[in-house]
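As structure tokens, the structure follows; a few thoughts come after it.
Here the structure is a predicted model, which means the values were calculated and not measured.
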Amino acid sequence: MDREWEIFLKNTLKTNTFLYNAISSFKMEKSDENLVIVKYSSEFAKAEFDRVSPEFFNHLRHKVNNFKFEIDYRTDLTIKKEVMTKRKIFDKFVKINPLLKDLDDLMKFDLT
């Protein structure tokens, strides 16, 4: 299942990068012989995946020759990817070295 998911993601990256960015953080686990758990980070990403999930799961059912498995969707906020801006990176380093804040006050860095 993991291999087929990786292949699906690679093909999606080539054809639709917007969709790829939305669903690339999804985690799929085989919980039981007939249960696949799909963990997602946001409702928006799940809505995007719902458009292509029949295609993926139909392919997977044929590949593993199991037409009875069910899909269970669960929200998992720990897999959410955070976009690191220059300001967030700088604030992270300020926590490590507080003197950077004084330097920023003196030099007026443009971190936008």
Side-chain angles (χ1 to χ4, degrees):
M1 181 175 61
D2 292 334
R3 184 173 40 120
E4 293 302 318
W5 177 243
E6 291 299 322
I7 292 169
F8 179 75
L9 284 178
K10 286 179 185 178
N11 292 337
T12 304
L13 178 60
K14 294 175 186 174
T15 59
N16 189 346
T17 56
F18 179 76
L19 176 65
Y20 173 82
N21 289 333
I23 67 172
S24 63
S25 64
F26 279 33
K27 301 290 182 209
M28 297 205 183
E29 300 173 356
K30 180 180 171 186
S31 175
D32 191 13
E33 190 65 33
N34 294 323
L35 180 65
V36 174
I37 298 173
V38 178
K39 295 182 180 181
Y40 61 94
S41 58
S42 70
E43 288 298 322
F44 172 75
K46 183 183 180 298
E48 289 296 317
F49 181 65
D50 284 342
R51 294 187 306 140
V52 294
S53 63
E55 174 188 339
F56 172 71
F57 287 121
N58 186 32
H59 171 75
L60 184 64
R61 282 184 171 102
H62 282 84
K63 193 73 171 181
V64 297
N65 200 22
N66 183 350
F67 297 92
K68 296 179 183 178
F69 71 79
E70 297 178 14
I71 298 103
D72 183 24
Y73 293 97
R74 297 184 185 165
T75 305
D76 186 2
L77 297 178
T78 60
I79 62 175
K80 189 172 188 174
K81 292 182 180 177
E82 181 182 354
V83 177
M84 293 297 288
T85 63
K86 290 179 183 179
R87 174 54 69 184
K88 288 182 182 179
I89 294 170
F90 181 78
D91 290 340
K92 181 179 171 183
F93 284 119
V94 165
K95 288 178 184 176
I96 296 170
N97 187 352
L99 291 176
L100 286 174
K101 179 67 177 149
D102 296 335
L103 186 61
D104 181 41
D105 293 339
L106 179 66
M107 303 294 286
K108 307 287 186 221
F109 294 135
D110 181 22
L111 298 172
T112 55

Test salt bridge (charged side-chain N to carboxylate O under 4.0 Å, His left out) on Arg74 and Asp72; report intermediate values, then the result.
CA-CA 7 Å; Arg74 297 184 185 165; Asp72 183 24; 3.0 Å; yes
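- Between Val38 and Phe56, every side-chain heavy-atom pair lies at or beyond the 4.5 Å cut-off.
- Between Ile37 and Ser31, the shortest heavy-atom contact is CD1-CB, 3.5 Å.
- The nearest pair of heavy atoms linking Arg61 to Ile71 is NH2-CD1, 3.6 Å.
- Linking Ile, Leu, Val, Met, Phe, Trp and Tyr residues whenever their side-chain heavy atoms come within less than 4.5 Å leaves Phe93 and Leu99 in two separate clusters.
- Remark: of the listed residues Val64, Asn58, Asn65, Asn58 is the sole one forming a side chain to side chain contact (heavy atoms under 4.5 Å, CB included) with His62.
- Between Thr75 and Tyr40, the closest side-chain pair of non-hydrogen atoms falls below 4.5 Å.
- Minimum interatomic distance between Phe69 and Leu60 (heavy atoms only, all atoms of both residues): CZ-CD2, 3.9 Å.
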Output, in order, the C-alpha distance, side-chain angles, deciding distance and verdict of salt bridge (charged side-chain N to carboxylate O under 4.0 Å, His left out) for Lys46 and Asp50.
CA-CA 6 Å; Lys46 183 183 180 298; Asp50 284 342; 3.1 Å; yes
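- Nearest heavy-atom pair, Tyr20 versus Leu9, reported as atom, atom and distance to 0.1 Å: CD1-O, 3.4 Å.
- Salt-bridge formation is not detected for the pair Asp91/Lys95: no Lys NZ or Arg NE/NH1/NH2 atom is positioned less than 4.0 Å from an Asp or Glu carboxylate oxygen.
- You'll find the ring centres of Phe26 and Phe49 inside the 6.0 Å limit.
- Across Met28 and Asp2, no two heavy atoms sit closer than the pair O-OD1, 3.8 Å.
- Checking side-chain atoms of Asn21 against main-chain N and O of Thr17 turns up a donor-acceptor pair under 3.5 Å.
- More than 12 heavy atoms of other residues, nucleotides or ligands lie within 6.0 Å of CD in Glu29, so this atom counts as buried by the packing criterion.
- Taking both residues in full, the closest heavy atoms of Asn66 and Glu33 are given as ND2-O, 3.2 Å, listed atom of the first, atom of the second, then distance.
- In the displayed structure, Tyr73 atom OH is contacted under 6.0 Å by more than 12 heavy atoms of other residues, nucleotides or ligands.
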